[in-house]
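For reference, the structure discussed in these notes is given below.
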Amino acid sequence: MSRETTLSKAVNEAIAEEMRRDPTVFLLGEDVAEAGTPFKVLSGLVEEFGTGRVIDTPISEPGFVGIAVGAAMTGTRPIVDLMFGDFLYLVMDQLCNQAAKSYYMSGGKLNVPMVLRTNMGATRRSAAQHSQSLQALVAHIPGLKVAMPSSAYEAKGLMKTAIRDDNPVVIFEDKLMYQDKAPVPEEEYLIPFGEAAIKREGGDITLIGTSSMVQVALKAAEALSAEGISAEVIDPRTLVPLDEETLVRSVKKTSRAIVIDEGHRNYGVTGEIAARLNERAFYHLDAPVLRFGAMDVPVPFSPALEDLTVPTPEAVAQAARTLCRGELIHAA
Amino acid sequence: MSRETTLSKAVNEAIAEEMRRDPTVFLLGEDVAEAGTPFKVLSGLVEEFGTGRVIDTPISEPGFVGIAVGAAMTGTRPIVDLMFGDFLYLVMDQLCNQAAKSYYMSGGKLNVPMVLRTNMGATRRSAAQHSQSLQALVAHIPGLKVAMPSSAYEAKGLMKTAIRDDNPVVIFEDKLMYQDKAPVPEEEYLIPFGEAAIKREGGDITLIGTSSMVQVALKAAEALSAEGISAEVIDPRTLVPLDEETLVRSVKKTSRAIVIDEGHRNYGVTGEIAARLNERAFYHLDAPVLRFGAMDVPVPFSPALEDLTVPTPEAVAQAARTLCRGELIHAA
Amino acid sequence: MAEAPTHNTEDYLRMYRQMVRIRAFEDTANQLYLSAKMPGLTHMYSGQEAVAVGICAALTDDDRITSTHRGHGHCVAKGGDLKTMFCELLGKAEGYCRGKGGSMHIADQSHGNLGANAIVGGSMGIATGAALTAKLRETGHVAVCFFGDGATAQGLLYEVMNMAALWRLPVIYACENNGYSEYTRTEEIAAGSLTARAEAFGIEAHRVDGQDVLAVNALARDLVERARRGEGPFFVELETYRYHGHHVGDINRDYYRSKDEEAEWKRVRDPIVNFGTWLEAEGIVSADELVAIGEAVKDEAAQAVAHAEAAEYPPGSEVDMHVYKGVDHALAYI
Amino acid sequence: MAEAPTHNTEDYLRMYRQMVRIRAFEDTANQLYLSAKMPGLTHMYSGQEAVAVGICAALTDDDRITSTHRGHGHCVAKGGDLKTMFCELLGKAEGYCRGKGGSMHIADQSHGNLGANAIVGGSMGIATGAALTAKLRETGHVAVCFFGDGATAQGLLYEVMNMAALWRLPVIYACENNGYSEYTRTEEIAAGSLTARAEAFGIEAHRVDGQDVLAVNALARDLVERARRGEGPFFVELETYRYHGHHVGDINRDYYRSKDEEAEWKRVRDPIVNFGTWLEAEGIVSADELVAIGEAVKDEAAQAVAHAEAAEYPPGSEVDMHVYKGVDHALAYI
Ligand SMILES: Cc1ncc(C[n+]2csc(CCOP(=O)(O)OP(=O)(O)O)c2C)c(N)n1
Ligand SMILES: Cc1ncc(C[n+]2csc(CCOP(=O)(O)OP(=O)(O)O)c2C)c(N)n1
Ligand SMILES: [Mg+2]
Ligand SMILES: [Mg+2]
C-alpha cells in the first residue's frame with residue numbers, strides 16, 4: 001500500500017516511527033520543538049514525544065554536535081538537526097575529528113550512533129551562505145556515512161536506516177524538495193545503505209544523479225528518449241558507502257556516463273565517481289565520463305545569476321547527445 | 001646563485017622577506033613568537049619584527065582566523081599559522097563561509113588578502129587527529145587558492161606569491177619535510193600559481209604527485225627507469241588554480257597516468273585530477289588513470305599500521321609497470 | 001529619554017531622520033516581499049532603529065561596523081543609500097554588491113560597513129580583526145560588532161572577546177537583545193547574564209535601553225572616544241524589540257510571542273515616536289517638521305524602490321566574476 | 001593539607017598509591033621516549049597527580065570522564081591498568097585501543113574513561129553529552145570534563161557550559177590550570193577570571209589547590225553528590241603545575257619558564273610528598289609503608305612496560321578494521 005507523501009512528511013514519519021520504536025532516540029537542534037524547524041519538517045514531534053526528547057538548543061552548532069557525540073557514545077541515539085548544510089563548516093571538528101574517528105581511535109570500543117540531518121540545494125535566493133551543497137566534504141572523511149535521498153521514498157527509508165546505524169551518518173535533504181510528493185508505502189520499510197536504485201532503465205548512456213539531480217537526470221532522459229536516445233538513470237542513494245558495482249555494471253552496458261551532483265564541481269563528488277568509473281569500466285567506455293556540478297563560484301543572490309549556477313536537464317541532455325553522437329567535447 | 005636550504009628555513013625566509021618588503025604583513029598564531037612554532041619554522045622572526053607583528057594567540061583557531069579575515073579586509077596582510085592541518089575543521093566556517101566568499105558576496109568590494117599556512121602528512125606517529133592531509137576540503141571551495149609545496153624551493157616561491165596574492169590562500173607544508181634540503185636561489189624569486197613543474201621528463205607514463213608525493217613519484221620513476229620505463233613526473237604545485245594544460249599535454253604524450261596525493265583517496269584530490277585527465281585526454285589514454293591517496297581510514301597510531309596507510313614508491317612503481325604492460329588492473 | 005549631552009539640533013534631526021529612513025526602508029521591503037517582488041526572505045529591523053542609529057551616529061566613515069542577517073538598519077545608519085540598498089535586495093547590478101549578496105550580505109565599504117552576515121555570529125572575528133588593523137596601523141579607528149542575543153551562544157564571541165581584551169583592541173561588541181532568537185525566548189537559550197560574560201573576560205560592560213536613541217548615543221560616544229584612546233574593548237547590551245516576525249515570512253507567531261506583547265512595545269517604547277515626542281516637548285522641532293521629515297523620507301523610499309524595480313539585473317557574464325581579485329573570470333582560471 | 005572529611009585509611013592509601021602509580025607511569029614513559037623506544041611524542045602528567053586522583057576517587061566506574069592530550073593521569077586514576085596503557089603507548093595490539101589510538105587517544109571505556117583527545121577542548125561536548133545521557137536516561141551518573149587552562153580559549157567551552165547550565169546537566173568542568181599553555185604563560189592567553197566566566201553562565205564555580213589531594217577530593221565528593229541530585233553543572237579551577245616540558249621533547253624551556261620556578265614547585269608543593277608527609281604525621285601510615293608502596297608500584301610499572309615491549313603489534317589486516325561498527329573491513333565496504 002502506497003500513498004503520496006511529501007519529502008517533509010516522510011522524514012517526519014521516519015523519525016516518529018523510530019522514536020516510538022527506540023526510547024534512546026532523541027532530537028536536538030535549533031527550534032526543533034515548538035517551531036518544528038523553520039522548514040516545519042519536525043512539526044508535531046514535540047507534542048508526541050515531549051521536550052525531553054525533542055530538545056531546542058541555543059545557536060551553538062559545534063556545542064550541540066559535540067553533545068550529541070558524547071550522548072551517542074554513552075547509550076543514546078541522537079538525531080541532530082543542522083538547520084542549513086552551510087553550517088557544516090562550524091561542526092566539522094566535532095563531526096570529523098571526533099564522531100568519525102572515535103570508533104577507530106578506541107580500537108572498536110566507543111562507537112557513535114548519531115544522525116546529522118541537514119540540507120543542501122540552491123535556487124532559493126538564499127545567497128552564498130545558505131545554499132551550499134557540501135556533501136563532498138563529509139564524504140571525504142572515513143568513519144562517516146553519507147546519504148542523499150532523492151525523493152520522499154528514499155528520505156524515509158534512508159532516515160530509518162541511518163537512525164539504526166551504529167555509526168555517524170550525515171543525511172542531506174534538498175531543501176527545495178520538502179514539498180515534493182512521491183509514493184511512500186504505508187508499511188514499514190528501510191533502504192539499506194550502499195544500494196543504488198536504477199530509476200529508469202536505458203541502454204545508450206548512464207546518467208548518475210544524486211539527490212535532486214536525479215530529477216534533473218530523469219528530465220534529461222525524458223527529453224533524450226524523444227530523440228531515440230535511451231538513458232539509464234541511477235541514484236546511488238548513499239555516497240558512502242557507494243554502490244560502485246551497480247554503477248559500473250550500467251556503464252559497462254551503456255559505454256557512456258554523465259555524473260551530476262549539486263555540490264561544486266571542482267574537487268567534489270563527481271570527480272570521485274567519474275574516476276571510479278574510468279578505473280573500473282575504462283575499456284568499455286566510448287567517451288569520457290562527463291560531470292555536472294554547481295558552478296565553481298559562491299552561490300550568487302541575484303536570480304539572474306543564481307539560476308546559471310546549477311545543472312539543468314537541458315545542459316545534461318545536450319551533453320548526453322554529444323556523447324552519444326561520439327563527439328569529443330568538454331563538460332560544461 | 002643557489003644554496004641548499006631546509007624547507008623550514010625557506011618558509012622562514014619567504015616570510016621575513018615579505019615582512020621587510022611590506023609593513024602590512026604580519027603573523028598570527030599559537031606560539032609563533034618566542035617559541036617560533038613547535039616546528040621552529042618561525043624562529044627568529046619575533047626578534048626581527050617584534051611582538052607587534054609576530055603575534056601569539058590563545059588556542060582559539062576560529063577566533064584568530066576570523067580576526068585575520070577582518071584584518072585582511074581592512075588593509076593588512078595577515079599570515080595565519082595553523083599548527084596542524086587537522087585543525088582546519090575548526091576554522092572551516094571563517095575560512096570557507098567568510099574569507100572565501102567575501103569578495104564575491106560584496107560584488108568585488110571586500111577582498112581578503114590572507115595566507116593560512118598549515119601542514120599535512122602522516123607517519124609521524126601522531127595518530128588520527130594530528131596526521132591528516134585535508135587539502136581536498138579547501139580545494140573544493142571557490143574563492144580559496146591552495147598551494148602544496150613539494151620542496152624548499154617551492155615552499156619559498158609559493159609562500160611569497162601567496163603573501164602578495166589579494167585573495168585567501170591556504171598553503172600546506174608537509175611536516176615531515178621541514179628538515180629536507182633543496183637548492184634555493186640566493187636571489188629573490190616567486191613561483192606563480194597555476195604553473196605545474198615537470199620534475200622529470202619521460203615518455204611512457206605520467207606520474208602526478210602533490211607535496212611529498214612528488215618524492216614518492218620521483219623514487220618510483222627512478223625504479224622504473226632501471227627497467228626501461230620512462231616516467232614523467234609532474235608537480236601541479238597549486239591545486240587551485242590547477243595547471244590542467246601541462247598535465248593534459250603530458251598525458252597526451254605518455255598515454256598513461258597515475259595521480260598521487262596524501263589526502264584520503266575517497267572523494268579527494270586524485271579523483272578530480274583523474275576525472276579531468278579522462279575528460280581532456282580520453283582518446284589518448286591507453287589505460288585508466290590510476291590514483292593513490294592515503295588509505296580511507298583514520299590515521300592509526302601504531303607504526304605497524306600507520307605505514308600501511310600512505311602511498312609508497314614501490315606501490316606506485318608496481319601500478320605503473322602494470323599500466324605500461326597494458327594489463328587491466330584496479331588501483332590500490 | 002536620557003539627558004542629551006549637548007543640545008545639538010542638527011545631530012538630533014539627523015538621528016531622527018535616520019530612524020525614520022530605516023523604518024521606511026523596512027516597510028517598503030516588507031511590501032516588496034508581500035507582493036512577491038523580492039527574491040528570497042529578509043529580516044526586518046523595525047523596532048530596533050535606535051540601536052543602529054544611536055551607535056553609528058557616534059562613528060565616522062572610517063570606523064568599521066559588521067552587521068547581521070537583520071542588517072538593513074545598520075546599513076542605513078552607517079550612511080547607506082536607499083536606492084543602492086533596494087537594488088541589492090532585488091538582485092540588481094546597481095546594488096551595493098552588484099546583486100550578488102542580497103539582503104543578508106549587504107555591505108557598504110565606502111561607509112565602513114563590512115557587511116551583513118548570514119552566519120549568526122559570523123562577523124565577530126571580522127570586527128575584531130578590523131580593530132586589530134586599527135591598532136597595528138595606529139589609525140585611531142574603532143570597530144563596532146553588531147549581533148543579537150541569540151548570537152551570544154556562538155563560542156566565537158568568547159574567543160574574540162578574550163583576544164580583544166588581552167590586546168586592548170578598539171572594538172565595541174554591541175549585543176542587540178530583542179528578546180528572541182528566531183522562535184525562542186532569550187531566557188531559554190541564554191544562561192546567566194550577558195554582561196557578566198563580557199566582564200568575566202575583563203571587558204567593561206554596559207546595559208542600556210535600546211529604544212532610547214539619546215541614551216544609546218551618549219553611551220556610544222563615550223565608549224568610542226575611550227576606545228580610540230586605547231581603553232577598549234567594550235561590551236554593550238541593548239534592550240530592544242523586533243516588531244516583525246523573525247523574517248518576513250514569519251506571520252503566525254502567536255505560538256512563541258503574543259500579539260499583546262508586540263502591541264505593548266509599539267505603544268510604549270517605539271524609538272521613533274518617543275524621540276519625536278521628546279524633540280517636540282523640548283521645543284527642538286515642531287510637529288509639522290516631524291511630519292515633513294516623514295513625508296520626505298517616504299518619497300525617498302518610494303523613488304528608491306521604483307528605481308530599483310526598473311534597474312537591470314547583472315549580465316550573466318558576471319556570474320564567475322569577483323571570485324578572485326585579479327582574475328576576471330574564475331571558470332577560465334581554476 | 002585540607003582537613004580530611006572522614007578518617008578513611010583505605011581511601012587515603014588508594015589515593016596515595018594512585019598518585020604514585022601515575023608518577024611511575026610517567027617516569028617510565030619518559031624513559032621510553034628518551035631511549036627512543038616510544039613512537040611519537042607524549043605529554044607528561046607528573047606534578048598534577050592530585051587533580052586526577054582527587055576527582056576520580058569521587059567517581060564510580062559508571063561515571064564518565066573525558067581526558068586530554070595530557071591524559072595518562074586521568075586514565076590511571078579512573079582505574080586504568082598500566083600494562084594495557086603501556087601497550088597502547090607502544091602501539092601494541094593489547095593496548096586499550098589496539099594500538100590505534102596511542103598516548104593522545106587512550107580510552108578505557110570499561111572504567112568510564114571516554115578518552116584522551118588531541119584536539120584541545122575537543123572533548124568538552126562529549127563530556128556534556130555523557131551528562132545529557134545521564135539526565136535523559138535518569139541514570140544518576142555524573143560526567144567530569146578535564147581540560148587545561150589553555151583550553152579555556154576554545155569557544156566550545158562556553159557553548160556547552162551554556163547548555164549544561166540551561167539543562168542543569170550533571171557535569172563538572174575541571175580546569176587544570178598548570179600555568180602554561182604550551183610555551184606561553186596563562187596570563188598571556190586568558191583575560192579576566194576563569195571562574196567568573198563559568199559564573200557568568202550561572203554555573204557555580206570553585207577554585208582549589210590542585211596539589212592537595214584531600215582538598216580536591218573533598219570538593220569533588222561534594223560536587224559529584226550534588227550533581228547526582230540535579231544541582232549541577234559545576235566548574236572547578238585546580239591550581240597545579242606540570243613538572244616536565246609541554247611534551248617529552250620540550251627539554252630546553254628556559255625561554256618560557258625558569259628552572260627555579262620548577263624546582264620551587266617540586267620542593268614545596270609536590271602532591272605526593274606532601275600527602276605522604278601528612279599521612280605519616282597523622283599516624284595513618286609509617287614511612288616504611290610509604291616506601292613499600294613506592295617499591296611495589298615501581299615493580300608494577302617495570303613489569304608492565306616489559307610486557308608491553310615484548311607484546312605484538314596488531315596485524316596489518318587490522319588497519320581497515322574499526323572504521324565502521326558492523327563492517328569488518330572498511331576498504332571492502334566504501
Ligand atoms: C550559525 C547559524 N546558525 C543558525 C542560523 C539560523 N538563524 C538565523 S537568524 C537566527 C536567530 C538569531 O537570533 P539573534 O542573534 O538574537 O538575532 P535576531 O534574529 O533576533 O536579530 C538563527 C538561528 C544561522 N543563520 N547561522
Ligand atoms: C585545537 C588545538 N589547537 C592547538 C593544539 C596544540 N596544542 C596541544 S596542547 C596545547 C596546549 C594546551 O594547553 P592546556 O590546555 O593548558 O593544557 P596543558 O598542555 O597545559 O595540559 C596546544 C596549543 C591542539 N592539540 N588542538
Ligand atoms: Mg534576537
Ligand atoms: Mg596548561
Side-chain angles (χ1 to χ4, degrees), chain A residues 62 86-97 100-101 104-105 127-129 132 134-143 239-240 242 259 263-276 278-283 285 287-291 295-298 300-301 328 330-331, chain B residues 62 86-98 100-101 104-105 127-129 132 134-137 139-143 239-240 242 259 263-276 278-283 285 287-291 295-298 300-301 328 330-331:
Chain A
D86 312 65
F87 309 160
L88 268 174
Y89 294 128
L90 286 162
V91 306
M92 288 295 277
D93 179 64
Q94 290 300 313
L95 189 62
C96 303
N97 268 334
K101 295 180 173 43
Y104 193 81
M105 294 191 305
Q129 295 172 340
Q132 297 166 85
L134 297 177
Q135 51 271 22
L137 300 189
V138 288
H140 184 51
I141 307 306
L239 296 179
V240 183
L242 183 69
V259 189
H264 294 300
R265 188 182 125 108
N266 210 16
Y267 299 98
V269 164
T270 61
E272 177 66 21
I273 296 180
R276 290 210 203 184
N278 275 302
E279 277 160 37
R280 296 278 310 277
F282 182 78
Y283 297 100
L285 282 169
V289 177
L290 298 188
R291 306 180 290 141
M295 189 183 278
D296 290 306
V297 304
F301 167 71
L328 177 65
H330 289 164
Chain B
D86 312 66
F87 308 159
L88 268 173
Y89 295 128
L90 286 162
V91 306
M92 287 295 277
D93 180 64
Q94 290 300 314
L95 189 63
C96 302
N97 268 335
Q98 311 297 343
K101 295 178 173 43
Y104 193 83
M105 294 190 306
Q129 295 172 340
Q132 296 166 84
L134 297 177
Q135 51 271 21
L137 299 188
H140 185 51
I141 308 305
L239 296 180
V240 183
L242 183 70
V259 189
H264 294 300
R265 187 182 126 110
N266 209 14
Y267 299 99
V269 164
T270 61
E272 178 65 22
I273 296 179
R276 290 209 204 183
N278 275 303
E279 277 161 36
R280 295 280 309 278
F282 181 79
Y283 297 100
L285 283 170
V289 178
L290 297 188
R291 308 180 287 141
M295 190 183 279
D296 290 307
V297 305
F301 167 71
L328 178 65
H330 289 165

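- For the atom pair CZ of A:Arg276 and CG of B:Asn266, the computed distance is 4.5 Å after rounding to the nearest 0.5 Å.
- Scanning both residues, B:Arg265 and A:Glu272, for their nearest heavy atoms gives O-OE1, 3.3 Å.
- The two residues A:Tyr267 and B:Leu239 have their closest heavy-atom pair at OH-O, 2.7 Å.
- Contact tally against chain A (heavy-atom pairs below 4.5 Å) for B:Asn97, B:Leu242, B:Ile273: the top residue is B:Asn97.
- Contact annotation for B:Pro62: neither backbone nor side-chain heavy atoms come within less than 4.5 Å of a heavy atom of chain A.
- For A:Pro298, the side chain to side chain contact (heavy atoms under 4.5 Å, CB included) partners at least two apart in sequence or on another chain are A:Ala128, B:Lys101, B:Tyr104, B:Pro142, C:Val323.
- Neither the backbone nor the side chain of B:Leu88 comes within less than 4.5 Å of any heavy atom in chain A.
- Among residues two or more places apart in sequence or in another chain, the ring-ring contact (aromatic ring centres under 6.0 Å, His included) test is passed with B:Tyr89 by none.
- Of the two parts of A:Leu95, neither the backbone nor the side chain holds a non-hydrogen atom closer than 4.5 Å to a non-hydrogen atom of chain B.
- If you take CG on B:Leu137 and CD1 on A:Ile141, they are separated by 5.0 Å, rounding to the nearest 0.5 Å.
- Both the backbone and the side chain of A:Ala287 come within contact range of chain B, each with at least one heavy atom under 4.5 Å from a heavy atom of that chain.
- With chain B as partner, the option from A:Gly263, A:Ala139, A:Gly268 having the largest number of non-hydrogen pairs under 4.5 angstrom is A:Ala139.
- Looking at A:Val289, the atoms closer than 4.5 Å to chain B (heavy atoms on both sides) all sit in the backbone: N, CA, C or O.
- In this structure, B:His140 NE2 and A:Gln132 CD are separated by 8.5 Å, a value rounded to the nearest 0.5 Å.
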